[in-house]
Colleague: 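Encoded as structure tokens, here's the structure I'll be asking about.
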Amino acid sequence: MIRAIYPGSFDPVTYGHLDIMKRAAALVDELIVGVLNNNAKTPLFSAEERVRMLKDAMKDIENVKVLPFEGLLIDFAKQMDACMVIRGLRAITDFENELKMAQTNHKLSPKVETVFLTTSLEHAYLSSTVVKEVACFGGDISQFVPKSVEKMIQEKMMEKESVHQ
Ligand code: PNS
């Protein structure tokens, strides 16, 4: 039984993440999407909101679970009895940080392997940061995120606007 973790901030989830998730789910018995709940970061969406958007986006894939986690990824992997961490690699710019993370995690727990999937070409430029920036200036994000996520982003932007008025 191969159980893998696909961890991330997913603030918000994009078509790039969903592509990696679907391809990873086809390779393993169970894929746990781990949503980082980090108080030090100030995400646009709470961990609960991000879990909700991911559950909705992945509802048709049977072997995928979405759970929040805090603290070290490797502790979460051990807690879930997972032997693999999946990460997506977009470009060479991702590589340095991903290599550092994978090697640190391997030092902390040699039993957990990090496996990289290369992002599909059509999503190579995409990031949550870019989606937030385009949305913030009223741009069209429909080609970057699913409809349900687009709606959540628009609602969040309106909420923020009403707070600043
Ligand atoms: O989507 P992101 O922000 O690139 O995901 C980064 C994530 C959540 C995978 C990473 O920050 C993480 O694993 N955080 C948990 C803390 C941890 O385990 N740090 C040690 C590894 S360097």
Side-chain angles (χ1 to χ4, degrees), residues 2-25 27-28 30-58 61 64-136 141 143-146 148-150 152-153 156:
I2 298 184
R3 186 178 290 122
I5 308 268
Y6 178 51
S9 303
F10 307 113
D11 186 43
V13 67
T14 68
Y15 279 134
H17 297 125
L18 294 173
D19 171 57
I20 296 284
M21 270 176 231
K22 286 174 191 163
R23 286 160 54 207
L27 297 175
V28 300
E30 186 171 54
L31 184 72
I32 296 174
V33 178
V35 179
L36 182 70
N37 185 5
N38 180 354
N39 291 334
K41 283 190 182 178
T42 41
L44 181 61
F45 292 100
S46 69
E48 295 76 39
E49 288 170 324
R50 285 176 281 144
V51 166
R52 191 157 25 98
M53 70 170 72
L54 275 153
K55 277 188 175 165
D56 185 61
M58 293 304 289
I61 318 273
V64 176
K65 269 188 194 161
V66 183
L67 294 170
F69 79 98
E70 282 176 22
L72 285 180
L73 170 61
I74 221 70
D75 289 339
F76 180 58
K78 282 187 201 160
Q79 199 186 320
M80 292 293 119
D81 199 21
C83 61
M84 199 188 281
V85 167
I86 308 263
R87 291 287 288 169
L89 268 185
R90 283 169 302 193
I92 196 75
T93 42
D94 281 342
F95 185 74
E96 201 176 337
N97 190 40
E98 292 298 332
L99 185 67
K100 251 188 266 172
M101 276 205 290
Q103 289 173 335
T104 307
N105 287 334
H106 200 257
K107 276 277 173 204
L108 294 174
S109 178
K111 284 187 186 157
V112 180
E113 292 290 353
T114 299
V115 173
F116 294 106
L117 296 187
T118 51
T119 303
S120 301
L121 273 181
E122 65 262 41
H123 305 305
Y125 64 93
L126 195 50
S127 71
S128 301
T129 308
V130 161
V131 171
K132 281 183 280 196
E133 178 147 347
V134 173
C136 178
I141 53 168
Q143 55 193 319
F144 308 144
V145 298
S148 57
V149 177
E150 188 185 349
M152 284 176 81
I153 296 172
K156 191 63 84 175

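Read the numbers this way: they start at 1 and go in the same order the structure lists the ligands and their atoms.
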Colleague: So, Asp11 side chain and Leu44 main chain: donor-acceptor pair closer than 3.5 Å or not?
Modeller: yes
Colleague: Do Thr14 and His123 have side chains that approach each other closer than 4.5 Å (heavy atoms only, starting at C-beta)?
Modeller: no
Colleague: Does the residue Gly34 have a heavy-atom contact with ligand 1, meaning some pair of atoms that are separated by less than 4.0 Å?
Modeller: no
Colleague: Any idea which part of Asn105 is under 4.0 Å from ligand 1, heavy-atom wise: side chain, backbone, both or neither?
Modeller: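 The answer is the side chain of Asn105.
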Colleague: Nearest non-hydrogen contact with atom 6 (C) of ligand 1 belongs to which option: Arg87, Glu70, His17?
Modeller: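 Minimum heavy-atom distance to atom 6 (C) of ligand 1 goes to Arg87.
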Colleague: Between Thr119 (side chain) and Leu89 (backbone), is there a donor-acceptor pair under 3.5 Å?
Modeller: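 Yes; at least one donor-acceptor contact below 3.5 Å.
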Colleague: Considering only heavy atoms, which of Ser127, Gly71, Gly88 lies nearest to atom 16 (C) of ligand 1?
Modeller: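 Of the listed residues, Gly71 has the closest heavy atom.
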Colleague: Can you check whether Ser120 reaches Arg23 side chain to side chain, under 4.5 Å on heavy atoms?
Modeller: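 Yes. Closest side-chain heavy atoms under 4.5 Å.
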Colleague: Report the nearest protein non-hydrogen atom to atom 20 (C) of ligand 1: residue, atom name, distance rounded to 0.1 Å.
Modeller: Leu72 CD2, 3.9 Å
Colleague: Within 4.0 Å of atom 12 (C) of ligand 1 (strictly less), any protein heavy atom?
Modeller: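 Protein heavy atoms within 4.0 Å of atom 12 (C) of ligand 1 - there are none.
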Colleague: Are His17 and Ser128 side-chain neighbours, meaning at least one heavy-atom pair lies under 4.5 Å?
Modeller: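 In contact.
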Colleague: Backbone or side chain, does any N or O of Ser9 fall under 3.5 Å from an N or O of ligand 1?
Modeller: yes
Colleague: Is any side-chain heavy atom of Val13 less than 4.5 Å from a side-chain heavy atom of Met21?
Modeller: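 A side-chain contact exists here, since the closest heavy-atom pair is under 4.5 Å.
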Colleague: So, the side chain of Arg87 versus the backbone of Pro7: is there a donor-acceptor pair under 3.5 Å, distance only?
Modeller: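 Answer holds: yes.
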Colleague: Considering only protein heavy atoms, which is closest to atom 22 (S) of ligand 1, and at what distance to one decimal place?
Modeller: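 Answer, as residue, atom name and distance: Met101 CG, 3.7 Å.
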Colleague: Please indicate whether any nitrogen or oxygen in Leu73 is less than 3.5 Å from any nitrogen or oxygen in ligand 1.
Modeller: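 Such a contact does occur with ligand 1.
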